[in-house]
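Below: one structure, written as structure tokens.
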Amino acid sequence: MEFKLNIEAPKSWTHVVREVPHVTADQRRRALQATHYNEFAFPAGMLYIDCLSDSGTTSMTDTQWAAMFLADESYGRNKGYYVLLDAFRDLWERGDDQVRLINYMKEGVDRDDVEKMMNDVYLKDYEGGFINGGQFQLSRPNTFIVPQGRCAETLLFDVLKPLFARRWPGKVFTIPSNAHFDTTEGNIKQMGNVPRNLFHKEILFEVPESGHYDVNPFKGNMDIDKLNQLLDAVGVENVPLIYTTVTNNSVCGQAVSMQNMREVSAIAHKHGIPYVMDGARWAENCYFIKMNEPGYADKSIAEIAKEMFSLFDVVSASLKKNGHANMGGLLAFRDKGLFWQKFSEFNEDGSVKTDIGHLLKVRQISAYGNDSYGGMSGHDIMALCQGLYEEARFDYQDERVKQCQYLADGLTRNGVPIVQPAGGHGIYVDVDRFFDYKRNHESFAGQALSLEMVHRYGIRCSELGDFSMEYDLKTPEQQKEVCNVVRLAINRSQFSKQHMDYIIAALTQLYKDRDTIPNLKITFGHNLPMRHFHAWLEPYAPTEEEMADKSNYSYWKTWTPDQF
Ligand SMILES: *Cc1c(COP(=O)(O)O)cnc(C)c1O
């Protein structure tokens, strides 16, 4: 017999504690001034809660810490290399039929049974998927470990840039996505090509009467009509890759449905265009599919992942999110698949002249070291490997997603305009509505909101709107694709309900005091690529006209730079 309560039983408890200092608002203001109001430069040690990013910020599990002891730091073919590659096969390609080679290390098979290690691990051949193994990883390399997600992007675009220039001189290509992450967009632009973000902006900011959705509406989907229109407008021959980001980070961490990816995959493949997954949050997205898309309720996260990955030709992923790890990234493409066919060069008799995998490997070695570790330490590789299996646990994802939804619902109840439902990794403030549509795009009010959260309450958020998405530098067409939001990313396995309640109270109070938030101007680095990482800012009081319709502007009348 089960004794039921209307509250969920806990799924974890705290094992190690990090204590934080007491810091005053005046001290934080001083630090803001000294760091030119660039929130990336603000000292983390002066914050109560850091919601800047969920990238690599996870608290690891006891089993991950334990796995680190199993690692070795060998330069060539450390054990972690084999078990990590096989973890990708397990979780992305084998569904419920997993091998879990990491257990060989836990059980001492590597010490006791060399023949078994040779047959099952060291010399085993794999081909045909994203993760070649044994002799096939040597003859047709297709899996590249890197330190983090943006390294996978740079690796890809550094190799494609000269290749494009040689094959199609002077041509400018368009690379559409349901929405590119800021670094992906930066990498595409630096390559001289045009990123496009084709999500459904119309539905993004809708909130139902009840305040939240019972079923996740997959607001992260690609708008298929927009994709077809774009392909018609620019011509399929000018679209070398199509991306889907799961979950859709730049579009408020919203989930993408299997149906949507299936449709985009079919369109891409009809035109011979390789389909690329930005898979930073693959497991979270699979959780959303399980909970909300018809037909998936009884499937495991790994089974859903297997179907999802089968739709793609390339995977580019930060593993600092859904790896439960502090470090890691990957670029992989399907063995002999569309990407390989399109970007390798062949002789007249069909034999390979230049394998794109070898070009990528050369670049990987130049930038990140041997392919066995790709810029990661052996210890980090083991922690990542264990973490990947843990990310695919239902209970873990369930607790995480519900924590974000708890935060979202608390804010909605208090009237703070945010995007509903919560994204997989945080909540997003609707900046235009927050400021009653009174601040213009050059005021960077979202960034100012974010800095005032640091100043007043010791909480760091991240602006992902007009400032960081470079609204003022975009064409009118691209400007329509910017969502003006501030994100509060929730670190994995780190926060309690008290943290969520503190954020709810702080953001609610700041919303009430929104007319006392200054505007910002850029004083250095306006045109630097990915300027939000390094530009300097300065707060200023809005002009008399800007203030005219505000109820509470006493703050402005006495405002001096010192007071922010
Ligand atoms: C974080 C992230 C990246 C970049 O990865 P890093 O590990 O931070 O370099 C790329 N794409 C998406 C969707 C991300 O969330």
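- No donor-acceptor pair under 3.5 Å is formed between the side chain of Gln403 and the backbone N or O of Gly426.
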Original post:
Could you go step by step and tell me if Lys521 and Glu442 meet the salt bridge (charged side-chain N to carboxylate O under 4.0 Å, His left out) rule?
Top reply: CA-CA 8 Å; Lys521 59 172 179 263; Glu442 271 82 52; over 6 Å; no
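- Under a cut-off of 6.0 angstrom, the local environment of CD in Glu202 is crowded, with over 12 non-hydrogen atoms contributed by other residues, nucleotides or ligands.
- Side-chain N/O atoms of Ser316 and Glu153 include no donor and acceptor closer than 3.5 Å.
- Although no hydrogens or angles enter the test, the distance criterion places no donor-acceptor pair under 3.5 Å between the side chain of Asn78 and the main chain of Glu73.
- A side-chain donor-acceptor contact under 3.5 Å links Asp466 and Asn484.
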Subject >> Derivation and outcome, side-chain hydrogen bond (donor to acceptor under 3.5 Å, both in side chains), residues Arg456 and Thr516 >> reply: CA-CA 12 Å; Arg456 299 181 198 193; Thr516 67; 3.1 Å; yes
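- Contact check on Arg150 versus Asp182 returns no salt bridge, with no Lys/Arg side-chain nitrogen under 4.0 Å from an Asp/Glu carboxylate oxygen.
- The main-chain N or O of Tyr396 is never found under 3.5 Å from a side-chain atom of Glu399 such that the two would form a donor-acceptor pair.
- Using a 4.5 Å cut-off on side-chain heavy atoms (C-beta onward), Phe394 and Lys290 make contact.
- Looking only at atom types and distance, the side chain of Glu463 has no donor-acceptor partner in the side chain of His532 under 3.5 Å away.
- Counting heavy atoms from C-beta on, the side chains of Ile188 and Val194 never come closer than 4.5 Å.
- Within the 4.5 Å cutoff, side-chain heavy atoms of Pro195 are placed close to those of Lys189.
- Asn248 and Arg281 share no side-chain donor-acceptor pair at under 3.5 Å.
- Both the sub-6.0 Å distance and the 45° axial angle are satisfied by Lys321 relative to the ring of Phe181.
- Between Tyr48 and Tyr457 there is no side-chain heavy-atom pair separated by less than 4.5 Å.
- Between Thr184 and Asp278 the shortest side-chain heavy-atom distance falls below 4.5 Å.
- Taking the six-membered ring for Trp and thresholds of 30 and 60 degrees, Phe157 and Tyr243 have nearly parallel ring planes, at less than 30 degrees apart.
- With contacts defined as side-chain heavy-atom distances shorter than 4.5 Å, the pair Ile490/Met500 qualifies.
- In this model, a donor atom of one side chain and an acceptor atom of the other lie less than 3.5 Å apart for Tyr406 and Asp501.
- For His455 and Tyr37, the side-chain atoms include no donor-acceptor pair closer than 3.5 Å.
- Glu185 and Asn197 share a donor-acceptor pair across their side chains, judged by distance under 3.5 Å alone.
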**OP:** Report the C-alpha distance between Phe434 and Tyr511 in whole Å, list the side-chain angles of each, state the deciding distance to 0.1 Å, and finish with yes or no for ring-ring contact (aromatic ring centres under 6.0 Å, His included).
**Re:** CA-CA 7 Å; Phe434 190 96; Tyr511 179 56; 5.1 Å; yes
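- Electrostatic pairing of Arg28 and Glu452 does not count as a salt bridge here, judged by no charged N lying under 4.0 Å from a carboxylate O.
- A donor-acceptor contact closer than 3.5 angstrom is absent between the side chains of Lys497 and Tyr502.
- Between His324 and Tyr389, the distance separating the two ring centers is not shorter than 6.0 angstrom.
- Look at Asp436 and Arg514 and you find a salt bridge, because one of the NZ, NE, NH1 or NH2 atoms lies within 4.0 Å of a carboxylate O, short of that distance.
- Salt bridge status for Asp54 with Lys320: absent, with no side-chain N to carboxylate O gap under 4.0 Å.
- Ring geometry, Trp13 versus His15: the interplanar angle exceeds 60°, so the pair is classed perpendicular (tilted spans 30 to 60°).
- Residues Thr412 and Gln420 have side chains that bring a donor and an acceptor to within less than 3.5 angstrom of each other.
- Between Val486 and the options Asp430, Ile427, Val429, Ile418, a side chain to side chain contact (heavy atoms under 4.5 Å, CB included) holds for only Val429.
- A salt bridge links Glu8 to Lys402: one of the charged nitrogens lies within less than 4.0 Å of a carboxylate oxygen.
- Judged by distance alone, the side chains of Tyr373 and Tyr75 do bring a donor and an acceptor atom under 3.5 Å apart.
- We find that Arg492 and Glu284 are joined by a salt bridge, their nearest charged nitrogen and carboxylate oxygen being less than 4.0 Å apart.
- Under 3.5 Å, the side chains of His180 and Asn187 contain no donor-acceptor pair of N or O atoms.
- Atom CZ of Arg433 has more than 12 heavy atoms from other residues, nucleotides or ligands within 6.0 Å.
- Neither side chain, Arg487 nor Ser468, offers a donor N or O lying under 3.5 Å from an acceptor on the other.
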Original post:
Could you walk me through whether Asp72 and Ser74 pass the side-chain hydrogen bond (donor to acceptor under 3.5 Å, both in side chains) check?
Top reply: CA-CA 6 Å; Asp72 62 280; Ser74 315; 2.4 Å; yes
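- Counting heavy-atom neighbours within 6.0 Å of His526 NE2, excluding the residue itself, gives a total above 12.
- Side-chain N/O atoms of Asn370 and Gln364 include no donor and acceptor closer than 3.5 Å.
- Of the N and O atoms on the side chains of Glu39 and Gln447, at least one donor lies less than 3.5 Å from an acceptor on the other residue.
- Between the side chains of Gln386 and Glu390, at least one donor N or O sits under 3.5 Å from an acceptor N or O.
- Using a 4.5 Å heavy-atom threshold, the side chains of Thr183 and Met530 count as touching.
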